[in-house]
Each structure stands twice: as C-alpha cells, then as structure tokens.
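One structure is given here, and the rest of the page talks about it.
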Amino acid sequence: MNAKDFLDQIKKDSSNRVQQSLDAIYHVCLTQLKNGETDFSYATISRIGQDRGVPRAQSIRNKSGEKYQQLIAHFKKEAEKKYPKKLNRTDEDWVEKITDPTTKILVRQLIHENKRLKSELNEIIPPSSLIEIRDHRSDDGHVERLEDFERRALESLLSERILNKLSLSIDSMGAFKDINNKIVFPIGTATALKKCLKNL
C-alpha cells in the first residue's frame, strides 16, 4: 500500500483536527522521502513541520498520537527500502580489526554516544543553519564598548526577576528553557551574554 492510500485509510473515523494533523505529517514526510532523507524521528518531523500544523514530538509519542506514529513508521519503512543504509558497516569495519575485546566494546560505546550527541545537536541547531562568529572590534581595531543602557538590557536577561517573570531557567550548558524544559534559546546563549558583559 502506498503512503497516500495508507493516509486515507487511517484518516477514516478520525476527527477533523486529527485529519489535518495527519495531512501535515504526510506532506512533511513525503518531502523528506523525496529529498532522500532517512531521518523520520518524531523530533525531526515535528521540528520541520512546526509551522505547517504538525503536532509537537511529545504529542506524537502519546497514546493519542498512535495514528501519527503509524503514518511516520510507514514512511520510515519506505525510506529504508528506497535508501538502504550504506554507512553503518563501512564506517565501522575498522572496529572489527581491534583484537582486544574490552577495547572493542569501549570503542563501540563511544561511536554510539557520538551518534546520539550528533542527533541531539541537530535537533537544536539544524545542519543547514549558518552560524556567524564576528569579532567585536571595528575595522580600525577599536574595541566597541556597550552603552550603559545596552549593558542593563543584557543584564536584565540574566536576572532572576526576568527569568521568573517569563518562567524561564538557564541550564548548565547556557540554554534558556521554559517550564516544560523545552529549549527557548539555544545552548551557549547565557554564557555568550556573560562574555559580552565581561569583555565589552
């Protein structure tokens, strides 16, 4: 059964809201498939389709999101058939050459951990994002200092009063999170602000 037929099948007996969400998920997944992507994690589909009506990742994971899960799983299987994974073995063949069993296990654990961290990083900062790093010096080498009102503005972002008012918190990596522990401003935001206040 193709994806469109499967979509029509699971939309039966669904509320209008669920049908709209299924349509949104379908279009995002279809785009992923056409682009040759194999990442159909709930977090990825939700992030890509957040402005198109796709539910949040947690809503997809919930019991009420069973039909969403089925549709995404259908596309995931299609992607695995169309774009079989070629990197798993070739990338890790060298590990098999390690003769010491303990070392081999530790290396595999490191590879697994590296993949997990990369996946989490991609959810926070998509691979297509452009990150610019600029020096705070002007063209003539003069260091530009913050004005008093600019300094107060930055300091207020880190103040307990503002954080409590906006129901935000700062984690150990410098990310701003809301009451649901969802990242509002990415890793390094708070530390970047502190460095600005210290050096400018």
Side-chain angles (χ1 to χ4, degrees), residues 1-92 108 111-132 163 165-171 173-189:
M1 182 184 296
N2 63 41
K4 184 64 172 67
D5 291 339
F6 185 74
L7 170 68
D8 292 336
Q9 178 178 304
I10 61 176
K11 280 172 67 176
K12 292 178 181 178
D13 302 323
S14 297
S15 66
N16 290 334
R17 183 181 61 80
V18 171
Q19 288 187 35
Q20 290 173 359
S21 295
L22 286 169
D23 284 333
I25 291 173
Y26 170 82
H27 289 297
V28 170
C29 289
L30 187 62
T31 300
Q32 284 284 90
L33 187 65
K34 287 181 177 179
N35 289 340
E37 299 291 341
T38 56
D39 183 2
F40 286 85
S41 66
Y42 300 154
T44 297
I45 299 303
S46 176
R47 174 172 51 78
I48 295 173
Q50 62 182 347
D51 296 325
R52 308 183 199 177
V54 174
R56 292 185 176 184
Q58 187 57 52
S59 297
I60 296 175
R61 292 189 190 97
N62 291 341
K63 179 67 176 176
S64 58
E66 204 167 315
K67 290 189 175 182
Y68 307 148
Q69 297 168 23
Q70 292 172 0
L71 182 58
I72 293 172
H74 188 280
F75 272 100
K76 187 175 181 180
K77 287 181 181 179
E78 287 294 314
E80 288 173 353
K81 291 177 185 176
K82 195 170 183 179
Y83 311 109
K85 296 179 180 178
K86 301 175 183 178
L87 298 178
N88 287 352
R89 292 298 302 167
T90 55
D91 273 1
E92 299 177 18
R108 288 205 175 279
I111 291 173
H112 175 75
E113 181 67 9
N114 184 48
K115 288 180 179 179
R116 184 185 68 79
L117 291 173
K118 280 184 177 180
S119 177
E120 290 182 1
L121 182 61
N122 286 339
E123 290 184 15
I124 299 170
I125 307 175
S128 58
S129 296
L130 176 64
I131 302 174
E132 294 186 5
L163 291 174
K165 185 176 181 180
L166 299 177
S167 298
L168 297 176
S169 61
I170 300 173
D171 68 11
M173 299 295 289
F176 284 70
K177 293 184 176 181
D178 62 17
I179 56 175
N180 296 316
N181 208 35
K182 181 180 178 182
I183 292 178
V184 178
F185 297 110
I187 288 173
T189 300

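Minimum interatomic distance between Y68 and P55 (heavy atoms only, all atoms of both residues): CE1-CG, 3.7 Å. Scanning both residues, S14 and Q19, for their nearest heavy atoms gives O-NE2, 2.9 Å. Taking both residues in full, the closest heavy atoms of F6 and Q70 are given as CE2-O, 3.6 Å, listed atom of the first, atom of the second, then distance. Considering all non-hydrogen atoms of both residues, A57 and S46 come closest at N-OG, 3.2 Å. For the pair I187 and M173, the tightest heavy-atom approach, listed with the atom from each and the gap, is CG2-O, 3.3 Å.
Identified under the salt bridge (charged side-chain N to carboxylate O under 4.0 Å, His left out) test for residues 33-43, with sequence neighbours left out: none.
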List the steps, then state whether side-chain contact (heavy atoms from CB on, under 4.5 Å) holds for I45 with Q32.
CA-CA 9 Å; I45 299 303; Q32 284 284 90; 4.2 Å; yes
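A donor-acceptor pair is defined here as one N or O able to donate and one able to accept, closer than 3.5 Å; such a pair exists between the side chain of Q69 and the backbone of N62. Of the possible donor and acceptor atoms, none in the side chain of Q50 sits under 3.5 Å from a partner among the backbone N and O of R56. In terms of modelled atom types and a separation under 3.5 Å, the side chain of T44 and the main chain of F40 share no donor-acceptor contact. No donor-acceptor distance shorter than 3.5 angstrom exists from the side chain of H27 to the backbone of G49, with no hydrogens or angles considered.
Atom CG of L22 and atom CZ of R17 lie 10.0 Å apart (nearest 0.5 Å). Rounded to the nearest 0.5 angstrom, Y42 OH and R61 CZ are separated by 8.5 Å. If you take CG on D171 and CG on N181, they are separated by 8.0 Å, rounding to the nearest 0.5 Å. From I10, atom CD1 reaches atom NZ of K67 across 7.0 Å, with rounding to the nearest 0.5 Å.
Under the rule for a salt bridge (charged side-chain N to carboxylate O under 4.0 Å, His left out), the partners of K11 that lie at least two apart in sequence or sit in another chain are D23. In this structure, the side chain to side chain donor-acceptor pair (under 3.5 Å) partners of N2, at least two apart in sequence or on a different chain, are D5.
The pair K4-D8 counts as a salt bridge, with a side-chain nitrogen and a carboxylate oxygen less than 4.0 angstrom apart.
Enclosure of atom CZ in F185 is not indicated, since only 12 or fewer non-hydrogen atoms of other residues, nucleotides or ligands lie within 6.0 angstrom. In the displayed structure, D13 atom CG is contacted under 6.0 Å by at most 12 heavy atoms of other residues, nucleotides or ligands.
Residues I48 and V54 have side chains not in contact (no heavy-atom distance under 4.5 Å, counting atoms from C-beta outward). The shortest side-chain heavy-atom distance between F75 and L71 falls under the 4.5 Å cut-off. With contacts defined as side-chain heavy-atom distances shorter than 4.5 Å, the pair E80/T38 does not qualify.
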